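To start, the structure itself, in structure tokens.
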Amino acid sequence: MNPLLDCSGLPRFAEFKPELVAPAIDALLAECRATVDQVTAESTPVTWDTFVQPLIDANERLGRAWGQTAHLNAVVNTPALREAYNTALPVITQYWTELGQNQVLFERYKALAHSAEYANLSAARKKIVENELRDFRLGGAELSPQNKARYREVRERLAELSSRFSDNILDATDAFTHIETDPARVAGIPEDALEAARKAAQDQSKDGWQFTLKMPSYLPVMQYAQNRELRQLMYHAYATRAAEFGKPEWNNTLVMAEMLKLRRELARLLDFEHFAAYSLEPKMAKTAEEVLVFLRDLGQRAKPYAERDLTELKAFARSELGIDELQAWDVAYASERLRIARYSFSDQEVKQYFTEEQVLTGMFGLIERLYGITVQPDQAPLWHPDVRFYALTDRSGEKIGQFYLDMYARSGKRGGAWMDDAIARRRSNAGIQAPVAYLTCNFSPPVGGKPALLTHDEVSTLFHEFGHGLHHLLTRVEDLPVAGISGVEWDAVELPSQFMENFCWEWDVLEPMTQHVETGARLPRALFDKMLAAKNFQIGMQTVRQLEFSLFDMLLHSQYDPEGPQTPEDILAQVRAEIAVLVPPAYNRFANSFSHIFGGGYAAGYYSYKWAEVLSADAYSLFEERGILNPEIGQRFRDEILAVGGSRPAMDSFRAFRGREPKIDALLRHNGMAQELAA
């Protein structure tokens, strides 16, 4: 049996082959279309059990098969798999588009919403019907036949371009390597990073050290390499990925241009002024203007801190490092040196205490204390030897869910960190289907016989993704379309993930998850106090950088004319003139690798990181008031935020937990920006 057609249990990754994708998708699409014919037949009653549930069942099978394919395409990309994925993508996109435009389905959902049965549906099922009616309108169900056809063409082309955008970044990133043979030029780079670079060179039968644009290789060079030429070389390569300076077939400039034109056309087909208005329709924020006011208000608060940060960094670089003109390739290096000088510790020193196993044990221990759940290793077919698999159980020993953890960077794996759902929770005739999640990171693998070590930033990243995972795994909703992260407004979906990051700054949480790689000692309190003092080091510069990305995204999708004389680079330059304190070199092509908005789901939605940070900081402040490890508050967070998933509006969930509307005060306090700086 084709493993992609098996929905009886966990994905059968060991049996997966690219050539199985097409026949599986064809069979499942035929099944889905037969189900649509069945539920739209005049003889079929419009009830939940005869109309809605069969659609959910059929679409879940398709979603499970396609989800496995898309996941593998991101983490073990090969030419054969990429071809299979890109061949199936248009037919998958076509199906979802035609489903969203099916007038008979739309009318039947409307009939269900006005039926006697609707009043007796659960809140979750009512929310599903509401979402469906909204999504039919957004999917073009009310368009003329001619416009429906054009809408389908646009959606399919956008899916194709999004995949190409991501492929181009992956190819450009994987293609670059730089060999250094002179020990003087690698001075300052930490020994574990050099050991990994030495092994990478040896694997290619070369002497010296091989560096790449993967984060575990790139970042240590930028932070620690004393040789300015090496930093500049690596920076230039990173900043020009997927642009006009490399292979023409990897250049994302034209890909972006076409995507922006098509997005605007899509929005206008549906009578939206611009793509941002279309994108915001299912989100918490209601208008582009509301988002821009929010971002600019935060920018006004943050920019004085950013200007102070940069003034201090330039003065330090000039007086202590002999760098008269601070350049983009100097910033990470000078910042790390300033941090060491000011707080007497380095990221590298801290990293020695965060061994992978100890961090995982500590993180799992935290959620046991907060939510009363246990994480234990489990067995499943895997896609790579480095992948781990775990099960979550409650106090009675009953399984709640499971998750895969893919920690390390490697060739053929897309950069960044993310969570995705493998299986969603639902009730069926067989009982409760337990949810399963993918957690993916890109950390340095173990080298030299030592365990993998994480920087404190990487620990925070792991907690962030685990927060997303808990949102998916701890749901109690029994209807798939609003269980876990499904149906949650995009600008609220970061709340549980950013919430989890706060625990990485609590001594009672952090200390037990440390163990020095050489001595086995715990993190000293004195070192933690230095980390805490440095927590908001350069927070102004970090904040305006995030706001730069968010403003660029929102302006690009609300005020930019893709048919006009301006380019996205012009919009980015305008944003930087308004908000940035550091302007990169003219050759920097950040937009060409801005995967979140061109290769992911954050178009006109990147602001959600800051938007949800207000919610997460305010939610965490209740723990600060009642006790960081207070199981009663932990249970309340689980009950009111994590367990309800998308079954009710996110603002209702926040109010139920916090007892009031969100306030920005906690975020400003956490970021050390509660007080206005003197002019």
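Since the model is a prediction, treat every value here as computed from it, not as a measurement. Index from 1, following the sequence.
Defined by atom type and a distance below 3.5 Å, a donor-acceptor pair is missing between the side-chain atoms of D553 and Y607. A donor atom on one side chain and an acceptor atom on the other are found under 3.5 Å apart for K283 and S279. Looking at R658 and S621, their side chains do bring a donor and an acceptor atom within 3.5 Å of each other. For Q348 and D192, the side-chain atoms include at least one donor-acceptor pair closer than 3.5 Å. Side chain to side chain, Q352 and H516 fail the donor-acceptor criterion of an N or O pair below 3.5 Å. In this model, a donor atom of one side chain and an acceptor atom of the other lie less than 3.5 Å apart for D6 and S8. With hydrogens and angles left out, the side-chain atoms of E506 and N502 include no donor and acceptor closer than 3.5 Å.
A salt bridge does not link R669 to D665: none of the charged side-chain nitrogens sits closer than 4.0 Å to a carboxylate oxygen. Using a 4.0 Å cut-off between a side-chain N of Lys or Arg and a carboxylate O of Asp or Glu, R395 and E368 do not qualify as a salt bridge. Ion pair E130/R125 not flagged as a salt bridge, since none of the NZ, NE, NH1 or NH2 atoms sits closer than 4.0 Å to an Asp/Glu carboxylate oxygen. Ionic pairing of R638 and E632 is not present here: no N-O contact between side-chain nitrogen and carboxylate oxygen is shorter than 4.0 angstrom. Taking the charged nitrogens against the carboxylate oxygens, E336 and R339 do have a contact shorter than 4.0 Å, which makes a salt bridge.
When side chains are defined from C-beta on, F364 does not count as touching T374, because their heavy atoms never get closer than 4.5 Å. In this structure, the side chains of Q376 and D378 stay at 4.5 Å or more apart for every pair of heavy atoms. Here the side chains of E195 and K450 are not in contact, with every heavy-atom distance at 4.5 Å or above. When side chains are defined from C-beta on, D406 does not count as touching L439, because their heavy atoms never get closer than 4.5 Å. Side-chain contact between P11 and Y404 is present, with heavy atoms from C-beta onward closer than 4.5 Å. Residues L10 and Q402 meet the side-chain proximity criterion, which asks for heavy atoms closer than 4.5 Å.
Residues that satisfy the ring-ring contact (aromatic ring centres under 6.0 Å, His included) test with W490, not counting sequence neighbours, are Y602. For the ring-ring contact (aromatic ring centres under 6.0 Å, His included) test, residues two or more places apart in sequence or in another chain that qualify with W505 are H456.
Note that R522 lies outside the cation-pi zone of Y353, set by a 6.0 Å cut-off to the ring centre and a 45° limit from the axis.
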Please set out all donor-acceptor pairs under 3.5 angstrom arising from side-chain atoms of residues 526-539, sequence neighbours excluded.
{"unit_1": "D529", "atom_1": "OD1", "unit_2": "R525", "atom_2": "NE", "d": "3.0"}
{"unit_1": "K530", "atom_1": "NZ", "unit_2": "S344", "atom_2": "O", "d": "3.3"}
{"unit_1": "N536", "atom_1": "ND2", "unit_2": "H670", "atom_2": "O", "d": "3.1"}
{"unit_1": "Q538", "atom_1": "OE1", "unit_2": "S335", "atom_2": "OG", "d": "3.1"}
{"unit_1": "Q538", "atom_1": "NE2", "unit_2": "S335", "atom_2": "OG", "d": "3.0"}

- Message: As a quick check of understanding, evaluate side-chain hydrogen bond (donor to acceptor under 3.5 Å, both in side chains) for E356 and Y408, giving each step before the final call.
- Response: CA-CA 11 Å; E356 177 185 355; Y408 311 136; 2.5 Å; yes
